[in-house]
Amino acid sequence: MLTRLKPLLATALLASLLAACGAGPEEAAAPAAGTTPRDGGRLVLGENGDEPACLDPHQLSTTNTTVVGRPVFDSLLWQDADGALKPWLATAWKISDDGLTYTFTLRDGVKFHDGSVWNAEALKANLEHMRDPATKSPLAAAYIAPYEDSEVVDERTLKVRLSSPYSAFLNVLAQSYLAMISPKQIKEDPGGTCEHPVGSGPFVFEKWTKGQSITYRKNPDYAWGSDGHTGPAHLDGLEIRFLAEDATRYNALLAGEVDVIDNTPPASVEDVKANPDLSFTSIDRPGHPFSVWLNTGREPFGDPRVRQALTLAVDRQAIVNSVSFGQWKLATGFVTPSTPDHAKGLDGRITHDPAKAARLLDEAGWTAKDKDGVRTKDGKRLTAIALDTGVNPQNTQILVQTQAAAAKAGIEIKIENVTAQVSSDRTAKGDFDLSVGIWTTNTADVLWIQYSSKNITTGKRRGQNTTRLSDPQLDKLLEQARAATDDTERAGLYDQAQSRLIDLTPAIPLYNRPSLVSAQKKVHGLAWDHAYGAVTFLDTWVSSP
């Protein structure tokens, strides 16, 4: 099977959905007629406070991984605006009829920033690094869990064998979490991949001032970009500045202290659109909607009735309206509409019904109430602990509003403010009851990542099933969907899985979160990493210093 055909996933669906997301940044910030791109200058991006703890893409699962990593790292494939997978560091690929063997032909002439060569050995080293327990990969290892081994056929050819068919394999290889690191660094300095990463991308990592910024300089030898790009970046340098406060980030854009901001405050979007000196664009991210995660591995949310009661008690539309100022759409299930194999027909399955919530809590035995109005059972209060890092103001607002809705139902939610590292560690251990977040990916296999019992963290591997959900019926559906080689069969299995998740209620889906990007009018050529929905800078240029 020749691989320049569309991937196994339903790319046509993704194409239509992405096309409906609105103009890309390159359109919103297009140069005036008759002008040509200008080389030189540095661009400053104002990012929110979600700063990664490490810059090795294989060790990351944070939201801003793509934004901070894509300047340095290239991927095997790339995904275009229509959802189709195209060559990048791989020029072609073939899939065996049984779906177990992928043979990749690799691009010639590519070099990493340390001079090491891109070849079959380099790809093999990266795949092995992703699954190496020492890497402690929270995401890449899960994405390539079916990877068995690989064989170097020659300098430009690698044969990859899987233990089972995996319908999302090509899609995930287009994501920045599975980008390619220098094989020399993997071999000689694996501990350095976090602090000073070495890739083959259009920019070279320069400096990381933790808590403040990351700076990059142009790779003058770059000639193997995605979408046929054959030259180096226009910009001489790039700085990503972490500005946690929404107001600070937005005011920095207005003052010209930064050239572009990601995570534009929803309350400011209409002002940006009305400002003649600024441009605005957005794209809907594929994957799992922003949600309130519930820990099903311990009480009180070990009881599905309590999980369902909290979901019924929360007025999701009111929260979304309040926090997003009309910029976000209410989620109808556990996969966003811009994701292949999104299930239709689930509208109305997740409702707001305080009376039914009360009945479910009564059935679960939480019938009495103490002087504070908190339900009790056997003398124990119905209390849950929520973790909040404070990195994103909207996240905090959502937790506070969930807390208020829960209180009306007799559920006490205590919000604990913790650092991002503490939150990550406690979540992995299951030492929490609620948290909030989003999971962006270009495949419905996000459901396996988030909810398969095989992806619960163990002593050997860190998984991403933070809800600790373990349901044999769901596991079977997700495994079958992973292995399906027929598009219709796979879509049907994912439909069943999404319906099952609404019944199980391991999370409260809130909204389909877009990327909201604003820029100075002098900025042109911004683009999207469509495998994630993140802004990129390979073709970006500024019309004035």
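Position 1 is the first residue of the sequence; numbering continues from there.
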Pair Asp50, Thr62: side-chain N/O donor-acceptor within cut-off below 3.5 Å | no
Decide whether Gln175 and Ser75 meet the rule of one side-chain donor and one side-chain acceptor closer than 3.5 Å.
-> no
Checking ring-ring contact (aromatic ring centres under 6.0 Å, His included) for the pair His288/Tyr451: CA distance, chi angles, key distance, verdict?
-> CA-CA 11 Å; His288 194 291; Tyr451 300 115; 5.7 Å; yes
Is any side-chain heavy atom of Thr441 less than 4.5 Å from a side-chain heavy atom of Tyr177?
-> no
Please name the residue in the list Thr65, Asp529, Thr536 that meets the side-chain hydrogen bond (donor to acceptor under 3.5 Å, both in side chains) test with Arg70.
-> Asp529
Does NZ belonging to Lys273 count more than 12 external heavy atoms closer than 6.0 Å?
-> yes
Could you give the distance from CD1 (Ile398) to CD (Gln403), rounded to the nearest 0.5 Å?
-> 14.0 Å
Taking atom types as modelled, find out whether Thr427 and Ser424 have a side-chain donor-acceptor pair closer than 3.5 angstrom.
-> no
Taking atom types as modelled and ignoring hydrogens, do the side chains of Ser515 and Arg285 form a donor-acceptor contact shorter than 3.5 angstrom?
-> yes
Distance under 6.0 Å and angle within 45° of the ring axis: does Lys210 meet both against Trp208?
-> yes
Take Thr505 and Thr311, measure what side chain to side chain donor-acceptor pair (under 3.5 Å) needs, and give me the verdict at the end.
-> CA-CA 8 Å; Thr505 325; Thr311 301; 5.1 Å; no
Going by heavy atoms in the side chains, are Leu516 and Ser282 under 4.5 Å from each other?
-> yes
For residues Ser200 and Tyr222, report the shortest heavy-atom separation together with the two atoms involved.
-> O-CE1, 3.1 Å
Does CD in Glu245 sit with more than 12 non-hydrogen atoms of other residues, nucleotides or ligands closer than 6.0 Å?
-> no
Note: Asp236-Lys218 ion pair, threshold 4.0 Å (strictly below) | yes
Could you tell me the separation between the CG atom of Asn275 and the CD atom of Gln520, rounded to the nearest 0.5 Å?
-> 8.5 Å
Under 3.5 Å, is there a donor-acceptor pair between the Asn442 and Gln79 side chains?
-> yes
Any side-chain donor-acceptor pair under 3.5 Å between Thr443 and Asn171?
-> no
Can you measure from CD1 (Ile438) to CH2 (Trp293) and round to the nearest 0.5 angstrom?
-> 8.5 Å
Verify the distance criterion only: is there a donor paired with an acceptor across the side chains of Glu51 and Asn64 at less than 3.5 Å?
-> no
side-chain hydrogen bond (donor to acceptor under 3.5 Å, both in side chains) pairs touching residues 253-262, sequence neighbours excluded, are Asp259-Lys522
Going by distance alone, is a donor N or O of one side chain under 3.5 Å from an acceptor N or O of the other, for His58 and Tyr143?
-> no
Which pair of heavy atoms, one from Tyr532 and one from Thr63, lies closest together, and at what distance?
-> OH-O, 2.8 Å
Ignoring hydrogens and angles, state whether a donor on the side chain of Asn263 or Glu47 is under 3.5 Å from an acceptor on the partner side chain.
-> yes
One should read off an interatomic distance between Glu206 CD and Thr215 OG1, to the nearest 0.5 angstrom, of 4.0 Å
State, to 0.1 Å, how close Ala534 and Val67 come at their nearest heavy-atom pair, and which atoms those are.
-> CB-CG2, 3.9 Å
Report the C-alpha separation of Asp277 and Lys521 in whole Å, then their side-chain angles, then the decisive distance to 0.1 Å, and conclude whether the salt bridge (Lys or Arg N to Asp or Glu O under 4.0 Å) test is met.
-> CA-CA 6 Å; Asp277 297 323; Lys521 276 290 177 67; over 6 Å; no
Between His524 and Thr540: side-chain donor-acceptor atoms closer than 3.5 Å | no
In terms of side-chain heavy atoms, does Ser322 have a donor or acceptor partner in Gln397 at a distance below 3.5 Å?
-> no
Which distance, rounded to the nearest 0.5 Å, do you find between the NE2 of His530 and the CG of Leu85?
-> 12.5 Å
Examine the side chains of Ser338 and Asp284 and answer whether a donor and an acceptor come within less than 3.5 Å of each other.
-> no
Rounded distance (nearest 0.5 Å) linking atom CD1 of Ile261 with atom CG of Leu253 | 4.5 Å
Between the side chains of Trp224 and Asp74, does any donor sit under 3.5 Å from an acceptor?
-> yes
Leu238 versus Pro71, closest heavy-atom pair with distance = CD2-CG, 3.7 Å
Could you walk me through whether Val323 and Trp328 pass the side-chain contact (heavy atoms from CB on, under 4.5 Å) test, one step at a time?
-> CA-CA 9 Å; Val323 175; Trp328 302 334; 3.5 Å; yes
Decide yes or no for Ile502 and Phe334: does some side-chain heavy atom of the first lie under 4.5 Å from some side-chain heavy atom of the second?
-> yes
Side chains of Ile181 and Pro57: closer than 4.5 Å at any heavy-atom pair?
-> yes
Check Val68 against Pro52 and note the closest heavy-atom contact, atom names and distance.
-> CG2-CG, 3.8 Å
Arg468 versus Thr457, side-chain donor and acceptor atoms under 3.5 Å | no
If you look at every heavy atom in Val72 and Val198, which pair is closest and at what distance?
-> CG1-C, 4.4 Å
Are any non-hydrogen side-chain atoms of Arg513 and Gln327 less than 4.5 angstrom apart?
-> no
Dump the intermediate steps for side chain to side chain donor-acceptor pair (under 3.5 Å) on Asp315 and Gln401, then the final yes or no.
-> CA-CA 9 Å; Asp315 187 340; Gln401 292 188 41; over 6 Å; no
